[in-house]
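Below is one structure, written out as structure tokens; comments come after it.
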Number of protein chains: 2
Amino acid sequence: MATLKDVARLAGVSASTVSRTLSGNIHVDEQTQQKVWAAIKELKYKPNILAKSLKEGRTNTVALIIPNIRNPIFPAVTRGAEDTARKNGFTLILCNTDEDLSVEKDYIDKLTNRWVDGFIFATARDDSSHIMELKSQGIPVVFMIRSIDNHSDTVTVDNRGGAYKAVDYLISRGCTRIAFINGPLDIDLYRQRLDGYKNALKEHGIPIDDRLIVNDVNDQDNGYHAMLNLLDKGIKMDAVFAASDPKAVNAIKAIKSRGLSVPGDISVIGFDDLDIATIVEPSLTTIAQPAYDIGTTAMDTLIRLIDGHQNAKPIVLDTHLVVRQSVR
Amino acid sequence: MATLKDVARLAGVSASTVSRTLSGNIHVDEQTQQKVWAAIKELKYKPNILAKSLKEGRTNTVALIIPNIRNPIFPAVTRGAEDTARKNGFTLILCNTDEDLSVEKDYIDKLTNRWVDGFIFATARDDSSHIMELKSQGIPVVFMIRSIDNHSDTVTVDNRGGAYKAVDYLISRGCTRIAFINGPLDIDLYRQRLDGYKNALKEHGIPIDDRLIVNDVNDQDNGYHAMLNLLDKGIKMDAVFAASDPKAVNAIKAIKSRGLSVPGDISVIGFDDLDIATIVEPSLTTIAQPAYDIGTTAMDTLIRLIDGHQNAKPIVLDTHLVVRQSVR
DNA sequence: CTGAAAGCGCTTACAG
DNA sequence: CTGAAAGCGCTTACAG
């Protein structure tokens, strides 16, 4: 492949001049420019980005670390992050960890070393001290969807409020025995949704029954057996709040598999508003989060950080109720 | 951040020696190594991968270009590609084009310039001459899922055979008026599936009725209105073969929306075997493709290419019928 | 407006 | 086994 020097030689100028006409921010004589461009075309020259980045100390590349590419919420969020990255001249590297900490650490190791200008993490858990360490080294880091504490470079949704809305809606439809299928509590958003669930019950004077709460549902089973369990124990319930749409879909499957009907016997409400919410039957009533906007906002925040600005406050986006057929 | 030189200075050795103890393939005195490692630890030194790659002319990074991250077949395939990349010490950059040629060209421009050692494309169309040009420049390129001609570095599925199986099965269940909801014909796999569809009909002596064939269904609508149209025209049919699971799901939605039942009035069969096949009601009978294996095989093929080997033949993986509830 | 030179942070023949 | 030097392909003060 042709290099800067090859172009310079063919055009009869110095390497500096080629570099300058390429960058465009220093004046180069018209005549000279013509010769340079001609040489570039003839040699099909493309600058070596590695060399450029090494010199400039910046790659215009950012990494987005997601925990599970097969959970559709992440592709949805990714689209927003991608579009915003592109709009600002950044390339996005997408890394999927499958919730595996060692995979995540490998990616960080590889990418930290000047490959990328910054990170967005959608993988934070309470034990993510390795990410905090990155941050403390001065590497731009933004937390998205999940966060580990209240620092400023964070884009999340109002999980407490969203969960409250879900449960409040169920209660308004006459439900009083409301089960909660929740994710692992070492992820803050599940703690927050649990809070919202409890708050709503309390405010309506409905006692909290711990037997109705299942935390720590993992990604493999994703609520199917958790729901089956609840059903088979004979615990009375008239509704289920699932902390994500995939969990809600699995809960519906489980309920049906026991010969019960949704929402006839048990109402189900989810959290996300993914495509599957309109595929499952009955279609899923759920709390919508603005996936695309989460992505764009997180990327904007990261780019500001890379450009040396400070971000004032954590950003918390709103959720809203989408009523479909799964609540009576 | 600390550099090689900083480490060398602290350890009281030359940069060469640090580099050698790091690489591990040239003998360095035990004593010296100890000093070097101590310095590395103390300074928290991490090598600058940019500089390393520039020198070595290789980044151990590969790009996977996919057309639509929200179509679950691509996340599924990506997992396989990722795992194989990691196993071989490569980092995977995932790029989503949203079927937009200009986005694709931007990615190629940026990544070709030494960012990546090779590409896997799942985006090939008949007009993808820009990809062939990459190949002709000697850059390792593998086609996956979609291909543009029969060259060796290609991992696809037996689309003709798969489509044949689908239609053959419908016929075996007594269907004779079989509609076909297909994708754009400038993508080879849809031409092949069309071939398989026609072959199966011919072999069973069933006339081909062009009014039953809808090609060029795009990703936005993805079959919903195509199906509605077919229904509203009053064209008689007892089955639908959809060229992908998302299209099949949308066809089912459309059929139901007209008050007809699946499979009572119309049987539906898909192609993919994604999670949504078990979410939709009735659960979807479909032709399964080995998504994860496609990913691993494509990545293996690319890595062989990067390592300077030739790949003998195009790889064509098999499909199989998964019977569920959507065919009577 | 342009060129020669230094340097980004590595690796690797070349000597010893 | 180890060091000094050259070089990967760029960019950018420094001179002129």
Side-chain angles (χ1 to χ4, degrees), chain A residues 1-37 39-40 43-61 89 109-117 137 139, chain B residues 1-37 39-40 43-61 89 109-117 137 139:
Chain A
M1 265 181 125
T3 75
L4 239 204
K5 274 189 187 168
D6 298 329
V7 175
R9 199 174 309 126
L10 182 62
V13 299
S14 75
S16 330
T17 299
V18 176
S19 179
R20 285 179 192 120
T21 80
L22 241 8
S23 84
N25 35 19
I26 287 185
H27 248 267
V28 175
D29 183 272
E30 265 304 322
Q31 299 267 331
T32 320
Q33 283 200 39
Q34 307 269 298
K35 287 187 294 180
V36 172
W37 284 117
I40 287 173
L43 295 174
K44 293 189 181 178
Y45 168 73
K46 301 212 173 178
N48 181 324
I49 304 245
L50 249 37
K52 188 176 153 83
S53 300
L54 176 59
K55 189 63 189 146
E56 293 181 338
R58 175 169 176 156
T59 61
N60 283 304
T61 305
D109 261 11
K110 189 140 189 185
L111 298 175
T112 305
N113 312 322
R114 312 290 185 174
W115 261 114
V116 299
D117 298 337
Q137 282 166 38
I139 293 168
Chain B
M1 263 179 126
T3 75
L4 237 204
K5 274 189 187 169
D6 298 328
V7 175
R9 198 173 308 126
L10 182 62
V13 299
S14 74
S16 330
T17 298
V18 177
S19 179
R20 284 180 193 119
T21 81
L22 241 9
S23 84
N25 35 19
I26 286 185
H27 247 267
V28 175
D29 182 272
E30 266 305 321
Q31 299 266 330
T32 321
Q33 283 201 40
Q34 307 269 296
K35 286 187 294 180
V36 172
W37 285 117
I40 287 174
L43 296 173
K44 291 189 182 179
Y45 168 72
K46 300 212 173 178
N48 180 326
I49 304 245
L50 249 36
K52 188 175 153 85
S53 299
L54 176 60
K55 188 65 187 144
E56 292 182 338
R58 174 170 176 156
T59 62
N60 283 303
T61 306
D109 261 12
K110 189 139 189 185
L111 298 174
T112 305
N113 311 322
R114 312 289 186 174
W115 262 113
V116 299
D117 299 337
Q137 283 167 39
I139 293 167

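Computed from a prediction, not measured in an experiment: that's the story for all the values here. Chain identifiers are assigned alphabetically (A, B, ...) following the order of the sequence lines, protein sequences preceding nucleic acid strands; residue numbering begins at 1 within each chain.
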Check your understanding: For Asp29(B) and dG3(D), what is the distance between atoms CG and P respectively, to the nearest whole Å?
Key -> 11 Å
Check your understanding: Given atom CG of Leu22(A) and atom C1' of dT12(D), what is their separation to the nearest angstrom?
Key -> 14 Å
Point to revise | Closest approach of Arg20(B) to Val28(B) (non-hydrogen atoms, all atoms of both residues) | key: CB-CG2, 3.8 Å
Check your understanding: How close do Ala2(A) and Tyr45(A) get, heavy atom to heavy atom, and via which atoms?
Key -> O-CD1, 3.4 Å
Study note, to complete from the structure: Picking from dC1(D), dG3(D), dA4(C), the nucleotide nearest the side-chain atoms of Ser16(A) would be dA4(C)
Point to revise | Flag, side chain of Asp117(A) to backbone of Asn60(A), donor-acceptor distance under 3.5 Å | key: yes
Practice item. Could you state the atom-to-atom distance from CG of Leu50(B) to P of dG9(C) in whole Å? Key: 11 Å
Practice item. Find the distance Ile40(A):CD1 to dG9(D):P and express it as a whole number of Å. Key: 16 Å
Revision key, fill the gap. Leu54(A) atom CG is separated from dA6(C) atom P, nearest whole Å, by 18 Å
Check your understanding: Between dG9(C), dA5(C), dT2(D), which one does the side chain of Ile26(B) approach most closely?
Key -> dT2(D)
Point to revise | dT12(D) and dG16(D), which share atom name C1', separated by this distance in whole Å | key: 16 Å
Review point. Can you check whether Lys52(B) has a side-chain N or O nearer than 4.0 Å to OP1 or OP2 of dT11(C)?
Key: yes
Check your understanding: Minimum heavy-atom separation for Val116(B) to Thr59(B), with atom names?
Key -> CA-OG1, 3.6 Å
Exercise for review: Have a look at Thr32(A) and say if it touches a base, only the backbone sugar-phosphate, or nothing, with a 4.0 Å heavy-atom cut-off.
Suggested key: sugar-phosphate
**Study point:** Contact nearer the 5' end of DNA chain D, comparing Ala2(A) with Lys55(B)
**Key:** Lys55(B)
Practice item. Measure across Val36(B) and Ala11(B) and return the closest heavy-atom pair with its distance rounded to 0.1 Å. Key: CA-CB, 4.0 Å
Point to revise | Complementary nucleotide of dG3(D), counting Watson-Crick and G-U pairs under 3.5 Å | key: dC14(C)
Practice item. Calculate the interatomic distance between Arg20(B) atom CZ and dA4(D) atom C1'; express it in whole Å. Key: 10 Å
Exercise for review: Determine the contact category for Thr17(A): base if any of its heavy atoms lies under 4.0 Å from a base atom, sugar-phosphate if only primed atoms, P, OP1 or OP2 are that close, otherwise nothing.
Suggested key: sugar-phosphate
Review point. Is the shortest side-chain N/O distance from Ser19(B) to OP1 or OP2 of dT11(C) below 4.0 Å?
Key: yes
Exercise for review: Compare the minimum distances between each of dT2(C), dC1(C), dG3(D) and the side chain of His27(A), then state the nucleotide with the smallest one.
Suggested key: dC1(C)
Review point. For Glu56(B) and dG9(C), what is the distance between atoms CD and C1' respectively, to the nearest whole Å?
Key: 12 Å
Check your understanding: Rounded to the nearest Å, what distance is computed from the CG atom of residue Asn48(B) to the C1' atom of nucleotide dC8(D)?
Key -> 13 Å
